[in-house]
Every structure is written in C-alpha cells, then in structure tokens.
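All remarks here apply to the structure that follows.
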Amino acid sequence: MNLCPNFFRKFRWIHSCRWLPPPLTHKLHTPIRFTSNQTHHQNQKLVFDFKAYMLEKIAAVNAALDAALPLRHPAKLHEAMRYSLLSGGKRVCPIVCLAACRLVGGEDAAAMPSACALEMIHAMSLIHDDLPCMDDDDLRRGRPSNHKVFGEPAAVLAGYALIASAFEHIATATEGVPAERTLRVIGEVARLIGAEGVVAGQVVDLRSGGGGDDVGLEKLEYIHVHKTAAAVEAAAVAGAVLGGACEEEIGNVRIYARRAGLMFQVVDDVLDVTKSTEELGKTAGKDVATGKATYPKLIGVEKSREVAENLKREAQEQLLGFERGRAAPLMALLDFIAYRDK
C-alpha cells in the first residue's frame, strides 16, 4: 500500500465509498498565462529513450487489442469494429494508462485491459465523430472513415458495440487487482466519457458549429477540457487507481492529465492550420473551412503555442513529487504531444 500523507483520509474514504471525484469544470485550476516560464525540472532531464518506449508500448497495446477483439459473427460488424480499432494511431490514452499505473508502482498487466478498453472507446468516438451528422469527415488516419467503407448504419452499430466491449473487457479481463479498484475504474471511465465529460463537450462543440465568432476562449476551453482532456484524464486516473495510488497521487495525476489533454487539443488546432492533409492523415484546414472556433482563430498561432507550452509546464509540475524514473515516460509524453507534427 502506498502511504502518502493523506493515508488516513483514504482509509475513511474506503469505508464511506464516497469515491466519485468532483465534476469536470471548464475552468483550469490556474489560469492560462501567456509567458515562457520554465520549470527547474527541465534542467534535470533523465536520459530516456521515449521513441523506444512508445514503440514497445504501442506494439504491446496493438497485440492486446487484436486478442481482445477477434473476428466473430456477425462478420461485417466485427470487421467494422476492427477496422477502426486496429487502424494504428498514437495510442496516447492506452500509453497514459500504462504509464500512470507504473508511476505509482503498479505493473502493466494490471492496467492493460483498461488501456485496451480506453482505445475501444477512442475508436468509437472517432467513428461517430466522422459521421455526416457529426463532424462529417471522409478521412481518418490516412484512409477512408469507417462509414465510407461499411456504411453509416454499420458504423453507428460498430461504435455502440465498441463501447459495450470496452466495459466488458475491464470487468472480465482485469486480473490481480482488488475488485473495488476495478469498480472504481469502471465508474471513473463511464463518468468521464459520458454526459459530464466527452459527450458534454461534443454537444457544446456541435452547437457551436459554424458560429465560431460567437465562441470565446471560455467556451472553447470547455469543449476541449470535456472532449480531449476528459479522455486523457480517464486513462490516467484508471492507471493510477489500478496501480494502487492514494488519493493525493490520484489528484496529481488527474491534473496532469487535464493539462496534457488540453495541450493535445491546442496543438491539434495549430496543426490543422499549419500542416497539409497528407502530413496529418486527415482533412487539414477543415475547422477553418467550417468556421469552427479554434485557438489559432481566437488568439493566433504564436499565442496558441504559448498556451501549449504553459500547459506543458503545469502538467510537469504535477509529476515532480514522484520518483523520477517512474515519471520519465509521462514527462517525455508531454514533449511528444507538444512537438508532434501530426
């Protein structure tokens, strides 16, 4: 058991079962500052081969996903599910889940079912985002979107099936972990992808539509915190819980994930206006064409990059209390997110 300063509060929490965290808020814990301050951690970097780490974890996650969702009857449904689930991608949420578990002393095996489940949920969200009734995009990860290959009805059903499979996988495949931790993960993930999290962000995003001129920074932040950041938060908290973290550690990981998730989307907004369709593997400039509000549209590309840098610094600060070797993957992930080119 991890004995962090609030151990006895944790003991009371276990017996009272009041484990649900406070609801998501569109307000960051500290305001975004347009500065270039850097943390002292940047002068204490470990030698860490993040590329090798990513390749290793992506390969492990891909193998686990393939095994978790074999081709079954009805074939067309499972082909559609596997088409999006196994189509590559950065696997950010699964890697965050695994890294957060290791951060607090856990093992990959404890978190892998949840890591796979989070990727199933992510695949569902991409399938549904691309539908004509949502973001209406024909290209995803360099190839036709799911509904362009299998048709809209099959794509919708594949998305439903993936989200059901995700929770089934957490519940049935997680081994060597106390049942109350698995139950908490199911609750956390359900809340963060539901009406208080990802779905809420998508609703506000759709309602904003082409009316980007009416969307200010506060509403834009709400959308991104509830969509992208909530998904990363679910991954990080799931990993920390499965690894046996105490409440203080879970709180640090939660804030880290919100900052990292919001930074991911800010960078995405910048890439949308600075990269080509070929470079991105998805339709570039689509947000501009549809009039959607983005960080570059509201504050410009350079200020957007400053926002991303400050979010990265604030995320780094949440990891300073952890053992440096265990924190290295999550530290390096921040650079990967900040400086990626697609």
Side-chain angles (χ1 to χ4, degrees), residues 1-24 57 60-61 63-65 67-69 91-122 162-194 196-198 230-258 318-319 321-323 325-327 329-330:
M1 178 180 293
N2 294 331
L3 297 179
C4 60
N6 58 1
F7 165 72
F8 291 104
R9 288 201 300 275
K10 180 187 177 189
F11 184 82
R12 290 195 296 272
W13 158 77
I14 291 172
H15 286 275
S16 66
C17 295
R18 291 194 298 269
W19 53 263
L20 280 175
L24 279 170
K57 298 305 178 186
V61 168
L65 287 170
L69 190 66
R91 306 302 194 207
V92 170
C93 283
I95 289 172
V96 167
C97 183
L98 297 175
C101 185
R102 287 275 189 174
L103 178 71
V104 298
E107 299 294 329
D108 283 6
M112 187 60 82
S114 291
C116 289
L118 288 157
E119 193 63 24
M120 292 177 190
I121 292 167
H122 181 56
L162 279 167
I163 199 167
S165 295
F167 288 104
E168 178 187 1
H169 197 59
I170 297 174
T172 62
T174 305
E175 298 179 348
V177 174
E180 61 267 21
R181 291 186 195 170
T182 305
L183 181 61
R184 177 171 182 176
V185 167
I186 290 172
E188 286 273 0
V189 172
R191 185 182 68 87
L192 287 166
I193 67 166
E196 294 182 37
V198 174
V232 179
E233 181 181 341
V237 171
V241 169
L242 292 164
C246 68
E247 289 305 298
E248 182 179 337
E249 291 169 333
I250 292 171
N252 290 136
V253 168
R254 189 184 297 280
I255 297 171
Y256 163 90
R258 289 190 189 181
Q318 300 305 314
L319 300 178
F322 293 95
E323 194 273 318
R326 290 178 178 172
L330 290 175

Margin query: Tell me whether Glu188 is salt-bridged to Arg184, with the criterion being a basic N under 4.0 Å from an acidic carboxylate O.
Written below: yes

Item checked: Residues that Ala173 engages under side-chain contact (heavy atoms from CB on, under 4.5 Å), provided they are two or more places apart -> Pro113, His169

Check: Is there a donor-acceptor pair under 3.5 Å between the side chain of Glu107 and the backbone N or O of Ala110?
Finding: no

Next item on the list: For Leu69 and Leu162, run side-chain contact (heavy atoms from CB on, under 4.5 Å): C-alpha distance rounded to whole Å, both residues' side-chain angles, the deciding distance at 0.1 Å, then the answer.
Entry: CA-CA 9 Å; Leu69 190 66; Leu162 279 167; 4.1 Å; yes

Note to self: Less than 4.5 Å apart, side chain to side chain, heavy atoms only: is that true for Val241 and Thr182?
What the structure shows: no

Note to self: If the condition is side-chain hydrogen bond (donor to acceptor under 3.5 Å, both in side chains), which residues does Asp108 pass it with, not counting sequence neighbours?
What the structure shows: Lys57, Arg102

Margin query: With heavy-atom distances below 4.5 Å as the criterion, would you say the side chains of Val232 and Arg258 are in contact?
Written below: no

Item checked: Where Ala245 and Val104 come nearest, the two heavy atoms and their spacing -> CB-CG1, 3.6 Å

Notebook entry, point to check: Closest approach of Ala166 and Ile121, non-hydrogen atoms and distance?
Noted result: CB-CG1, 3.6 Å

Item checked: Distance-minimising heavy-atom pair for Phe322 and Ala327 -> CB-CB, 4.4 Å

Next item on the list: Measure across Ala235 and Cys93 and return the closest heavy-atom pair with its distance rounded to 0.1 Å.
Entry: CB-O, 3.3 Å

Next item on the list: First locate atom CZ of Phe167, then atom CD1 of Ile193, and finally report the distance between them rounded to the nearest 0.5 Å.
Entry: 4.0 Å

Notebook entry, point to check: Arg181 and Leu242: which non-hydrogen atoms are nearest, and at how many Å?
Noted result: NH1-O, 3.4 Å

Margin query: When you compare the side chain of Val253 with that of Leu103, does any pair of heavy atoms fall below 4.5 Å?
Written below: yes

Margin query: Would you compute the distance between atom CD1 of Ile255 and atom CD of Gln318 and round it to the nearest 0.5 angstrom?
Written below: 4.5 Å

Note to self: Tell me the closest heavy-atom pair linking Tyr256 and Leu330, and the distance in Å.
What the structure shows: OH-O, 2.7 Å

Item checked: CA sep, side-chain torsions, deciding dist, call: His122, Val92, side-chain contact (heavy atoms from CB on, under 4.5 Å) -> CA-CA 10 Å; His122 181 56; Val92 170; over 6 Å; no

Item checked: Salt bridge flag under 4.0 Å for residues Glu249 and Arg254 -> no

Check: How long is the gap from CD1 on Ile95 to CG on Leu118, to the nearest 0.5 Å?
Finding: 12.5 Å

Notebook entry, point to check: Which residues pass the side-chain contact (heavy atoms from CB on, under 4.5 Å) test with Ala115, sequence neighbours left out?
Noted result: Pro94, Cys97, Leu98, Met112

